[in-house]
Colleague: 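The structure that follows is given in the form of structure tokens.
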Amino acid sequence: MKFDTAAIHIGQEPDRETGAVIPPVYLTSTFAQLEPGKTRGYDYTRSGNPAFDRLGATLAHLEQAEYATVFGSGMAAVNAVISTLSSGDHIVAEENIYGCTYRIYDQVFKKFGITISYVDLSDPANYPEIGKQKPALVWIESPTNPMLKIIDIEAVANAAHEAGTELLVDNTFASPFFQNPLALGADISLSSTTKYINGHSDCLGGVVCTNSEDWNEKMIFAQKAVGLNPSPFDCWLISRGLKTLAVRMKQHQENALKITDFLQSLEETDAVRYPFHPSHPQYELARKQMRGGSGIVTAIFNLPFEQVVKLISNLNLFSLAESLGGIESLICHPASMTHASIPKAEREAVGITDGLVRFSVGIEDADDLIEDIQTALKNL
Ligand SMILES: *Cc1c(COP(=O)(O)O)cnc(C)c1O
């Protein structure tokens with residue numbers, strides 16, 4: 001079955017009892033048992049609910065996975081994976097990982113004796129670090145945030161397996177429509193379903209997909225025992241959003257390409273990055289492992305800090321907000337938002353300059369989005 005069809009039908013069969021085409025949501029914390037210990041398959045929502053199973057079935061299929069476990073947020077999914085580690089375990093992570101993943105290692109799990117080191121895994125010359133450091137897990141994202149670096153998933157998976165360890169890929173930015181890390185050799189594909197998978201910026205969720213029975217058991221345990229379960233209603237919303245993932249992603253990509261061309265034509269930009277634009281330094285690698293470039297475009301404006309802040313404030317269609325992957329366009333200025341607490345010199349060392357702006361291009365008409373940027377620049 002093709003992706004677009006599976007996103008609508010797998011796990012989403014009409015209700016057996018009533019024929020309701022949209023399966024109902026069971027807003028219940030607990031389930032009546034037939035006799036002590038004998039259930040109809042569910043006992044308590046922290047350890048399972050039909051909405052978790054339906055969403056999990058769709059996501060497993062789309063990620064080309066045997067198993068998918070859903071969680072209350074992307075960070076709950078991250079927490080679920082890290083909670084399986086033990087004191088003394090080490091992680092090798094790509095140096096450009098999501099800020100809150102960095103924070104949970106640094107401020108929560110470090111206290112429990114789990115160590116992490118950051119390596120530039122976009123450079124194959126650094127692969128031997130994996131063998132040297134003997135990590136319990138290698139952790140990458142591709143494309144990365146906000147620099148949109150592409151990491152060679154297949155090559156890093158091979159390097160990890162040769163070193164006797166496993167690879168986790170945070171697939172949030174690409175979504176399963178454009179990239180399937182497990183098919184490229186990764187052991188775990190994790191996503192924040194808050195972003196493209198739900199796509200409507202109205203709830204949070206996370207998922208861990210794998211072909212390993214062992215990892216699946218650990219994830220089911222984490223869902224119920226660590227209390228990382230989602231809400232049944234949020235799963236119902238995410239299942240609804242997921243049905244249009246294919247059409248949304250095609251439009252995100254079409255708009256992002258137009259915005260990239262437009263931004264590159266401006267005198268006010270020094271560099272514009274989009275993984276599926278021939279100007280991206282890793283365009284060939286992006287095409288090797290992805291089917292499309294998603295909806296994030298990063299631009300470096302050659303304007304002073306105050307002017308960049310003014311430009312962003314002048315926009316009407318791009319809301320200034322954290323998050324990404326929704327149908328509506330958003331804009332983020334890492335230097336004054338997500339990375340504001342990091343000293344300027346440190347920030348710039350990882351590429352977060354004052355002029356760097358991240359666009360999460362929505363599915364509005366691209367001409368309207370371009371006009372909005374043009375007007376904002378005119379009014380500086
Ligand atoms: C947003 C995000 C997360 C965390 O997801 P939440 O749903 O916000 O908890 C993890 N990884 C990446 C790459 C993200 O963009």
Side-chain angles (χ1 to χ4, degrees), residues 1-27 41-42 48-74 77 171-183 189-211 216 230-256 276 290-295 323-328 360-365:
M1 196 185 287
K2 297 272 189 351
F3 191 102
D4 307 43
T5 314
I8 292 169
H9 291 285
I10 300 287
Q12 304 294 322
E13 295 76 15
D15 183 37
R16 272 212 210 117
E17 210 171 301
T18 63
V21 167
I22 299 304
V25 54
Y26 295 96
L27 294 174
Y42 299 96
N49 182 287
F52 304 180
D53 293 343
R54 291 185 197 284
L55 175 59
T58 322
L59 286 170
H61 189 94
L62 299 182
E63 284 275 3
Q64 300 182 22
E66 286 289 325
Y67 312 104
T69 312
V70 292
F71 296 98
S73 67
N171 200 33
T172 303
F173 266 46
S175 93
F177 184 70
F178 284 135
Q179 179 169 277
N180 296 114
L182 301 180
S189 175
L190 177 152
S191 288
S192 164
T193 55
T194 311
K195 314 292 171 52
Y196 286 110
I197 287 173
N198 179 50
H200 293 73
S201 309
D202 49 14
C203 69
L204 284 92
V207 67
V208 173
C209 299
T210 182
N211 288 319
N216 178 50
S231 119
F233 186 65
D234 287 352
C235 290
W236 186 86
L237 280 174
I238 296 164
S239 284
R240 181 168 73 164
L242 191 47
K243 289 175 186 151
T244 56
L245 182 66
V247 282
R248 284 187 283 112
M249 293 315 287
K250 289 171 202 167
Q251 192 66 34
H252 280 299
Q253 149 142 293
E254 193 183 312
N255 284 358
F276 256 54
M290 301 172 77
R291 293 180 289 274
S294 219
S323 198
L324 59 108
I327 49 174
E328 64 288 298
S360 172
V361 180
I363 64 169
E364 301 96 333
D365 190 298

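Side chains included, hydrogens not; waters and symmetry mates left out as well; all remaining heavy atoms used.
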Colleague: Stepwise, does the side chain to side chain contact (heavy atoms under 4.5 Å, CB included) test hold for I363 with M249?
Modeller: CA-CA 9 Å; I363 64 169; M249 293 315 287; over 6 Å; no
Colleague: Compute whether any side-chain donor of one residue and acceptor of the other, for E66 and T210, lie under 3.5 angstrom apart.
Modeller: no
Colleague: Give, for atom NZ of K243 and atom CD1 of I238, the distance between the pair rounded to the nearest 0.5 Å.
Modeller: 12.5 Å
Colleague: Looking only at heavy atoms, which two atoms of M290 and Q179 are closest? And how far apart?
Modeller: CG-OE1, 3.1 Å
Colleague: With side chain to side chain contact (heavy atoms under 4.5 Å, CB included) as the criterion, how do L59 and V70 come out once you've worked through the C-alpha distance, each side chain's angles and the decisive distance to 0.1 Å?
Modeller: CA-CA 9 Å; L59 286 170; V70 292; 4.2 Å; yes
Colleague: Short question: side chain of T193, backbone of G205 - any donor-acceptor pair under 3.5 Å?
Modeller: yes
Colleague: Would you say the side-chain atoms of S175 pair up with the backbone N or O of N171, donor to acceptor, closer than 3.5 Å?
Modeller: no
Colleague: Any heavy-atom pair between the side chains of V208 and F71 that's under 4.5 Å?
Modeller: yes
Colleague: With a 4.5 Å limit on heavy-atom distance, are the side chains of N198 and C203 in contact?
Modeller: yes
Colleague: So does K250 pair up with D4, basic N to acidic O under 4.0 Å?
Modeller: yes
Colleague: For the side chain of S189 and the backbone of C209, is there at least one donor-acceptor N/O pair under 3.5 Å apart?
Modeller: no
Colleague: For a 4.5 angstrom cut-off between non-hydrogen side-chain atoms, does Y26 reach P232?
Modeller: no
Colleague: Stepwise, does the side chain to side chain contact (heavy atoms under 4.5 Å, CB included) test hold for L324 with F173?
Modeller: CA-CA 9 Å; L324 59 108; F173 266 46; 3.5 Å; yes
Colleague: Do the side chains of E328 and S201 get nearer than 4.5 Å, heavy atoms only?
Modeller: yes
Colleague: How long is the gap from CG on L204 to NZ on K195, to the nearest 0.5 Å?
Modeller: 8.0 Å
Colleague: Suppose we call two aromatic rings close when their centres sit under 6.0 Å apart. Are H252 and Y196 close by that rule?
Modeller: yes
Colleague: Would you confirm whether R248, through its side chain, and G241, through its main-chain N or O, come within 3.5 Å as a donor-acceptor pair?
Modeller: yes
Colleague: Given side chain to side chain contact (heavy atoms under 4.5 Å, CB included), test Y67 with N211 step by step and report yes or no.
Modeller: CA-CA 6 Å; Y67 312 104; N211 288 319; 5.7 Å; no
Colleague: Looking at side-chain heavy atoms only, is the closest gap between S239 and L237 below 4.5 Å?
Modeller: no
Colleague: Do we see a donor-acceptor contact under 3.5 Å between the side chains of N255 and E364?
Modeller: no
Colleague: For A51 and C235, work out which heavy atoms get closest and say how close.
Modeller: O-CB, 3.7 Å
Colleague: Distance-only, no hydrogens or angles: does the D15 side chain make a donor-acceptor pair with backbone N or O of P24 under 3.5 Å?
Modeller: no
Colleague: Would you say the side chain of N180 lies within less than 4.5 Å of the side chain of R291, judging by non-hydrogen atoms?
Modeller: yes
Colleague: Minimum heavy-atom separation for P181 to E63, with atom names?
Modeller: CD-OE1, 3.7 Å
Colleague: What are the two closest non-hydrogen atoms of I10 and A57, and how far apart are they?
Modeller: CG2-O, 3.7 Å
Colleague: Determine yes or no for a side-chain-to-main-chain donor-acceptor pair under 3.5 angstrom, with T244 supplying the side chain and V247 the backbone.
Modeller: no
Colleague: Any chance you could measure T172, atom OG1, to L190, atom CG, to the nearest 0.5 Å?
Modeller: 6.5 Å
Colleague: Is it the case that the side chain of W236 and the backbone of L55 share a donor-acceptor pair, with hydrogens and angles ignored and the cut-off at 3.5 Å?
Modeller: no
Colleague: Under a 3.5 Å distance rule, please check whether Q253 uses its side chain to pair with a backbone N or O of G293 as donor and acceptor.
Modeller: yes
Colleague: What pair of heavy atoms forms the shortest contact from A68 to V207, and how long is it?
Modeller: CB-CG2, 3.9 Å
Colleague: Is the shortest side-chain heavy-atom distance between F177 and L62 below 4.5 Å?
Modeller: no
Colleague: Is there side-chain contact between F3 and L245, with heavy atoms separated by less than 4.5 Å?
Modeller: yes
